Amino acid sequence: MTETWRNWSGLETASPARVESPADTAAVVAAVERARQEGSTVKMVGTGHSFTAISAPEGTMLRPTNLGGILAVDRDAMTVTALAGTQLKVLNAQLEALGLSLHNMGDIAEQTLAGATSTGTHGTGGVVASLSAQICGLEIVTGTGEVVTATETENPELLEHGRVGLGALGVLTRLTFRVEPLFALEANETPMSWDEALGGFDERAAAHHHVDTYWFPHTDRLMVKTNDRLDDLDVEPLSRWRAWWDDEFLSNAAFGALNHLTNAAPSIIPRFNQLSSRLLSARSYSDVAHRVFTSPRDVVFREMEYAVPREAGLAALREARAAIDASDLKVTFPVEIRTTPADDIPMSTSGGRDSFYLAFHTHRDADHREYFALLEPIMRAHDGRPHWGKVHTRTAADLAPAYPRFDEFLALRDKLDPDRVFANDYLRRVLGD
Ligand SMILES: Cc1cc2nc3c(=O)[nH]c(=O)nc-3n(C[C@H](O)[C@H](O)[C@H](O)COP(=O)(O)OP(=O)(O)OC[C@H]3O[C@@H](n4cnc5c(N)ncnc54)[C@H](O)[C@@H]3O)c2cc1C
């Protein structure tokens, strides 16, 4: 039976010829071998949280639903091996029960492990920012139906590339992550003016473990969130009421209702942003790390995010603000600003350079195209690399110069998937045929 695949933002849909839910590696191998013989394609999807069509299936769609759960915990090596279709929120809960934690993560936990890491999903700050950079082992089914494992000593080239593989190298079936003892974070949120936030940006990023900054377009106001590690697990979370009010009601229900209003009357957005940004208030709390890093996101939006070299970040942000101010565009969603240390993954947006991320959002029912088209040239002019899972217009020809090891990745793809069993339109655009 077939079904329509749709991503979370509703921007992309696909009608795969066949849908399967493999329960083990052998079932994945069988799907790949059959597709290869038929000259067709296979795509393992995650939870569809990419805004791009990177996971859009054409031939057979493989659902990750039967490939979840922790397989092994090695407390000497401090690693955890899990099935690749495990949702991040499930892993986080199971790790917490084991007294363990990932080092860092992005701001939601809905994605599958393979889905999140295949596009380089990242958080901010820390020693390693992306989930991919925390991977130290993997098992993958290649386009020729071979099952290959990779670690730092066995097939190290595959481990290097497979951590951000864009779904182009094979179907990941198992992933091993480096973990740490469970830790807690103290979160402090402080409203600031533009000059205060940008003037102290570098010092703040150096002084705190994680810094996440939000600028409210059409205003001079930002919200600065800092997260710092505590020495123990003695935490003071927000009360249930405050958490519901801030994270469920204000950030989701009320913000969603507001967007319906402003979509109908965009001219009120600047005045509204002025008012709401003046109402921002400071708050502090502490909790186990994954509950501080992530929060529910119920208001459906579209997003473009670029990583520019760290040293170019503030200039790119200032230019983005000038372009928005000079345009007629009215934007409700804040611009999110994060930083990451360089990692060693060839196709990672942070590969080989400390990075500064700028993320632009619009509500699902607002037209994102003009907004993103205004800002993408600024990001490109600063040698920006687009998030593989977020809206962008780049192609293989202009992405290749942005990634020094792009050709190496293409050569590995040729070796692992010579018949392009894992191809789709998005991969043809960003990697070539
Ligand atoms: C509300 C929201 C918040 C977000 N927050 C962040 C954030 O803080 N930081 C950030 O960097 N990104 C963020 N993202 C982007 C998101 O993390 C990425 O797009 C991520 O790739 C989505 O994971 P997924 O499980 O939905 O995978 P999908 O989007 O379904 O798939 C992504 C890719 O993974 C591949 N894939 C899935 N499973 C396998 C497998 N088993 N083997 C091989 N390939 C596989 C797919 O084929 C596809 O190529 C956010 C997105 C949303 C909607």
Side-chain angles (χ1 to χ4, degrees), residues 5-12 14 22 25 28 31-32 41-58 61-68 82-89 104-124 129-132 138-143 162-175 210 212 251-252 293-307 333 336 338 340 347-350 355 357 359 361 364 386-391 416-417 422-424 426-427 430-431:
W5 169 88
R6 179 173 278 102
N7 69 349
W8 178 85
S9 74
L11 259 184
E12 304 289 346
T25 302
V28 174
V32 169
T41 60
V42 172
K43 188 60 63 185
M44 173 67 88
V45 299
T47 57
H49 278 72
S50 293
F51 298 86
T52 58
I54 189 167
S55 58
E58 293 177 357
M61 170 167 107
L62 301 182
R63 282 207 217 90
T65 31
N66 292 330
L67 282 176
L83 287 166
T86 311
Q87 277 186 280
L88 203 42
K89 62 184 178 191
N104 199 347
M105 66 196 75
D107 53 25
I108 59 162
E110 296 301 312
Q111 313 94 314
T112 65
L113 301 180
T117 57
S118 292
T119 65
T121 294
H122 64 92
T124 184
S130 81
L131 288 160
S132 310
L138 58 85
E139 178 186 89
I140 194 167
V141 178
T142 70
R163 291 173 292 169
V164 180
L166 316 182
L169 304 179
V171 178
L172 293 160
T173 41
R174 293 169 180 217
L175 287 167
H210 311 272
D212 206 346
S251 303
N252 283 300
F293 285 131
T294 66
S295 54
R297 304 292 288 271
D298 298 335
V299 182
V300 178
F301 57 86
R302 274 90 200 250
E303 180 175 348
M304 175 179 79
E305 184 177 44
Y306 261 85
F333 277 72
E336 186 175 10
R338 296 183 272 192
T340 63
M347 295 296 265
S348 160
T349 45
S350 297
S355 299
Y357 285 81
H361 312 69
R364 170 187 60 186
H387 191 303
W388 297 106
K390 301 189 183 179
V391 178
L416 298 180
D417 187 20
F422 305 118
N424 63 9
Y426 180 85
L427 291 185
V430 300
L431 298 177

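Keep in mind that what you see is a predicted model, and the values were worked out from it rather than measured. Numbering of ligands and ligand atoms starts at 1, following listing order.
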Looking at ligand 1, does Pro64 have a heavy atom less than 4.0 Å from it?
no
Of the listed options (Thr112, Thr173, Val42), which comes nearest to atom 25 (O) of ligand 1 when hydrogens are ignored and any heavy atom counts?
Thr112
Between Thr173 (side chain) and Glu139 (backbone), is there a donor-acceptor pair under 3.5 Å?
yes
What is the closest protein heavy atom to atom 6 (C) of ligand 1, and at what distance does it sit?
Asp107 OD1, 3.7 Å
Is a side-chain donor or acceptor of Asp212 paired with a backbone partner of Arg338 at a separation under 3.5 angstrom?
no
For ligand 1, the portion of Leu166 having any non-hydrogen atom under 4.0 Å away:
backbone
Protein heavy-atom partner closest to atom 9 (N) of ligand 1 - residue, atom, separation in Å:
His122 O, 2.9 Å
Among protein heavy atoms, which lies nearest atom 31 (O) of ligand 1, and at what distance?
Ser55 CB, 3.4 Å
Which option wins on minimum heavy-atom distance to atom 39 (C) of ligand 1: Ala56, Ala114, Pro22, Pro296?
Ala114
Can you tell me the protein heavy atom closest to atom 27 (O) of ligand 1 and the distance?
Gly115 CA, 3.4 Å
For the pair His387 and His122, name the ring-plane relationship: parallel under 30°, tilted 30 to 60°, perpendicular over 60°.
tilted
Using a 3.5 Å distance criterion without hydrogens, assess whether the side chain of Asn7 forms a donor-acceptor pair with backbone atoms of Glu12.
yes
Taking the side chain from Thr52 and the backbone from Trp388, do they hold a donor-acceptor pair closer than 3.5 Å?
yes
In this structure, does ligand 1 have an atom that sits under 4.0 Å from one of the heavy atoms of Arg338?
yes
Under the ring-ring contact (aromatic ring centres under 6.0 Å, His included) rule, what do Tyr306 and Tyr357 come out as? Steps first, then yes or no, please.
CA-CA 6 Å; Tyr306 261 85; Tyr357 285 81; 9.9 Å; no
Classify the ring geometry between His361 and Phe333 as parallel (under 30°), tilted (30 to 60°) or perpendicular (over 60°).
parallel
Between ligand 1 and Gly170, can you find any atom pair, the residue atom being a heavy atom, that is separated by under 4.0 Å?
yes
To the nearest 0.1 Å, how far is atom 41 (N) of ligand 1 from its closest protein heavy atom, and which atom is that?
Leu172 O, 2.9 Å
Is Thr112 reaching over with its side chain to a backbone N or O of Thr86, donor-acceptor style, under 3.5 angstrom?
no
Nearest 0.5 angstrom please: Leu113 CG to Leu138 CG, how far?
12.5 Å
Proximity of Ala116 to ligand 1 by residue part, where a heavy atom lies under 4.0 Å:
backbone
So is Phe51 touching ligand 1 or not, going by heavy atoms under 4.0 Å?
yes
Suppose we measure from atom 38 (N) of ligand 1 to each protein heavy atom; which comes out shortest, and what is that distance?
Met44 CG, 3.5 Å
Non-hydrogen atoms of Tyr357 versus ligand 1: any pair closer than 4.0 Å?
no
Nitrogen or oxygen of His49 less than 3.5 angstrom from that of ligand 1
yes
Run the contact test for Glu110 against ligand 1 with a 4.0 Å cut-off on heavy atoms, strictly below, and give the result.
no
Write out the residue and atom name of the closest protein heavy atom to atom 2 (C) of ligand 1, then the distance separating them to 0.1 Å.
Ile108 CD1, 3.4 Å
Examine distances only and state if a side-chain atom of Ser118 and a backbone atom of Ala114 form a donor-acceptor pair shorter than 3.5 Å.
yes
Side-chain donor/acceptor of Arg302 to backbone N/O of Ser9, under 3.5 Å:
yes
Can you tell me the protein heavy atom closest to atom 14 (N) of ligand 1 and the distance?
Lys390 CE, 3.6 Å
